[in-house]
Amino acid sequence: MNDLLFELPLPDHFALGACLEYMNRSPLECLFRSDAEGVERLFIVEGQAVLIRLTMPADRPQRLRAALLYGSLPGEAGLAWLARYIVEWFDLDRDLAPFYKLAAEDELLGPLLQANDGLRIIGIPDLFEALCWAILGQQVNLAFAYRLKERLTAKYGQSLEWQGHTYYSFPEPEVFHEVSMEELCALQLTRNKARTVLEVAHLIAAGALSREELLALPSPAAAEQRLLQIRGIGPWTSQYVRMRCLRDATSFPAGDVGLQNAVKFLTGMDRKPTPAELVEMSARWRGWEAYATFYLWRALY
DNA sequence: TTCCAGGCTTAAC
DNA sequence: GTTAAGCATGGA
């Protein structure tokens, strides 16, 4: 089966190849499977497992093609949901021209722009997944964060075997209703991570927290404040979620150690810049701080 | 063994 | 409001 589902028009300054290079950065990623030409992901659409592959068709290079590898054809609403997810995933609605104009003149970003031409911030459209990924990534190295996500996903998510590979979808928050801290700690989550994941799962499952609600707040800063009210969610996590889920291009995780290391490496400083120094530096990227961050991260891999 | 990793909370100033 | 210490875990 390889049915065309739909094709999405692509904006300027988009290159699937550059996005895939980012997505291929870790072999430990469990929520999609990517290669040099495309990416495959398992979705649960209207309760049905649907395995999708995204590519750029050679005959229509300005389009992103979604093909159905396995599962039943979703209905109209399901297809619209999928298309919206993909737009959010690759940030296709954004006009990147202003960022490219600004970054081309920038000492640090200029070279990164060329090396990653057409890269967009790869989003995490689902709020629960985004929060969990940020929580799991707090204060641990990325390899370990990927292992934690894989364990959480394998234990509580849905999966599909197809052509010798196992595809996973991230667990729904409702699944954690009866899950205990001890159960999550057995997966090597610290108590703080376990407690925060459960708290977030309960809030979302109860309807007390949602992406729509956060986006409806008067400002991204208000959304950040709402997230900060949750115990276990600090500045880094809320800024990270603003950046990768809420799609706020001005979010700037100045406390991020990866960002600090990238700037140290690119500037040749003999120490990591402080968060205050990074904030000061980010003035020249105003309006595009999140994109600057995402491109700077690329200097590390 | 020590230090670091895409931090957070709490307590003290 | 700012800073310091404690926390917990794997990787190099």
Side-chain angles (χ1 to χ4, degrees), chain A residues 21-31 108 112 116 119-124 129-152 154-155 180-200 203 221 224-266 269-282 285 289-301:
Chain A
E21 266 183 53
Y22 168 81
M23 299 175 93
N24 287 332
R25 76 201 163 122
S26 175
L28 296 170
E29 175 61 60
C30 64
L31 293 179
L108 294 186
L112 293 170
N116 300 278
L119 172 68
R120 301 218 157 212
I121 294 180
I122 304 303
I124 307 177
E129 183 190 324
L131 279 165
C132 286
W133 175 232
I135 292 161
L136 296 181
Q138 290 169 358
Q139 188 58 28
V140 298
N141 62 69
L142 268 179
F144 183 51
Y146 276 113
R147 291 189 196 288
L148 292 177
K149 182 169 81 163
E150 184 178 31
R151 288 175 197 156
L152 200 66
K155 181 154 186 186
S180 67
M181 292 241 319
E182 288 67 29
E183 215 174 308
L184 294 186
C185 289
L187 305 180
Q188 303 305 114
L189 275 75
T190 60
R191 298 189 64 75
N192 190 43
K193 286 189 199 308
R195 191 195 60 225
T196 310
V197 164
L198 289 180
E199 172 68 7
V200 165
L203 284 172
E224 187 172 321
Q225 288 306 309
R226 169 68 186 95
L227 291 174
L228 285 172
Q229 290 169 4
I230 301 166
R231 191 176 170 200
I233 293 184
W236 179 83
T237 302
S238 51
Q239 286 160 2
Y240 188 89
V241 168
R242 265 177 72 175
M243 172 176 166
R244 295 201 62 194
C245 182
L246 304 182
R247 283 297 182 198
D248 174 19
T250 69
S251 183
F252 187 64
D256 181 85
V257 69
L259 181 61
Q260 292 166 8
N261 283 330
V263 170
K264 176 189 175 197
F265 171 69
L266 291 171
M269 291 172 74
D270 59 355
R271 58 171 178 81
K272 286 186 289 194
T274 65
E277 288 170 332
L278 284 175
V279 167
E280 193 178 339
M281 181 180 289
S282 73
W285 306 318
E289 293 88 340
Y291 260 91
T293 299
F294 204 71
Y295 272 69
L296 287 167
W297 278 344
R298 295 301 291 144
L300 294 175
Y301 304 105

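Both backbone and side-chain heavy atoms feed into the values below; hydrogens, waters and symmetry mates do not. Residue numbers begin at 1 in each chain, while the letters A, B, ... track the order of the sequences.
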### Query
In whole Å, what is the span from the CG atom of A/Leu136 to the C1' atom of B/dC8?
14 Å
### Spacing between A/Lys149 atom NZ and C/dT9 atom C1', to the nearest angstrom
19 Å
### Message
Looking at every heavy atom in both A/Arg195 and A/Asn192, which two are closest together, and how far apart are they?
### Response
NH2-OD1, 2.7 Å
### Query
Between A/Gly232 and A/Arg244, which is nearer to the 5' end of DNA chain B once each is assigned its nearest nucleotide?
A/Arg244
### Query
What integer distance in Å separates A/Leu259:CG from B/dG7:P?
11 Å
### Task
Examine C/dT9: is either OP1 or OP2 under 4.0 Å from a nitrogen or oxygen in the side chain of A/Asn192? Give yes or no.
no
### Message
Less than 4.0 angstrom from a charged side-chain N to a carboxylate O is my criterion; do A/Glu129 and A/Lys149 meet it?
### Response
no
### Query
Nearest-Å distance, CG (A/Leu228) to P (B/dG7)?
15 Å
### Query
CG of A/Leu187 versus P of C/dA8: gap in Å, rounded?
17 Å
### Query
Base, sugar-phosphate, or nothing for A/Thr196, non-hydrogen atoms under 4.0 angstrom?
nothing
#### Entry: Over 12 foreign heavy atoms within 6.0 Å of CD, A/Glu280
no
### Query
At under 4.0 Å between heavy atoms, what does A/Gln139 touch on the DNA or RNA strands: base, sugar-phosphate, or nothing?
base
### Task
Look at the side chain of A/Asn141 and decide which nucleotide, out of C/dG11, C/dA8, B/dC8, has an atom nearest to it.
C/dG11
## Note on the structure
Closest to the 5' end of DNA chain B, once A/Tyr22 and A/Ile233 are matched to their nearest nucleotides, is A/Tyr22
### Query
Do A/Leu184 and A/Leu152 have side-chain heavy atoms sitting under 4.5 Å apart?
yes
#### Entry: A/Ile121 backbone acceptor or donor facing A/Tyr291 side chain under 3.5 Å
yes
### Message
If I take atom CD1 in residue A/Ile135 and atom P in nucleotide B/dT9, what distance separates them, rounded to the nearest angstrom?
### Response
10 Å
### Summary
Nearest heavy-atom approach of A/Trp285 to A/Leu108 is CZ2-CD1, 4.3 Å
### Task
Could you state the atom-to-atom distance from CG of A/Leu189 to C1' of C/dC7 in whole Å?
15 Å
### Below 4.0 Å: OP1/OP2 of C/dC7 and any side-chain N or O of A/Thr190
no
### Task
Counting heavy atoms from C-beta on, name the nucleotide in B/dT9, B/dA5, B/dC8 closest to the side chain of A/Thr237.
B/dC8
### Message
Is A/Lys193 close enough to C/dG10 that one of its side-chain N or O atoms is under 4.0 Å from OP1 or OP2 there?
### Response
no
### Task
Give one of base, sugar-phosphate or nothing for A/Arg191, where a contact means two heavy atoms less than 4.0 Å apart.
nothing
### Message
If you only use heavy atoms from C-beta on, which nucleotide in B/dT10, B/dC8, C/dG11 is closest to the side chain of A/Trp236?
### Response
B/dC8
### Query
So what does A/Leu300 hit on the nucleic acid, given a heavy-atom distance under 4.0 Å: a base, only sugar-phosphate, or nothing?
nothing
### Query
Heavy atoms under 4.0 Å, any strand shown: does A/Val257 hit a base, just sugar-phosphate, or nothing?
sugar-phosphate
### Task
Whole angstrom is fine here: how far is it from CG in A/Leu142 over to C1' in B/dG7?
13 Å
### Query
Within less than 4.0 Å of OP1 or OP2 of C/dT9, is there a side-chain N or O belonging to A/Arg147?
no
### Query
NA contact type, A/Pro253, heavy-atom cut-off 4.0 Å: base, sugar-phosphate, or nothing?
nothing
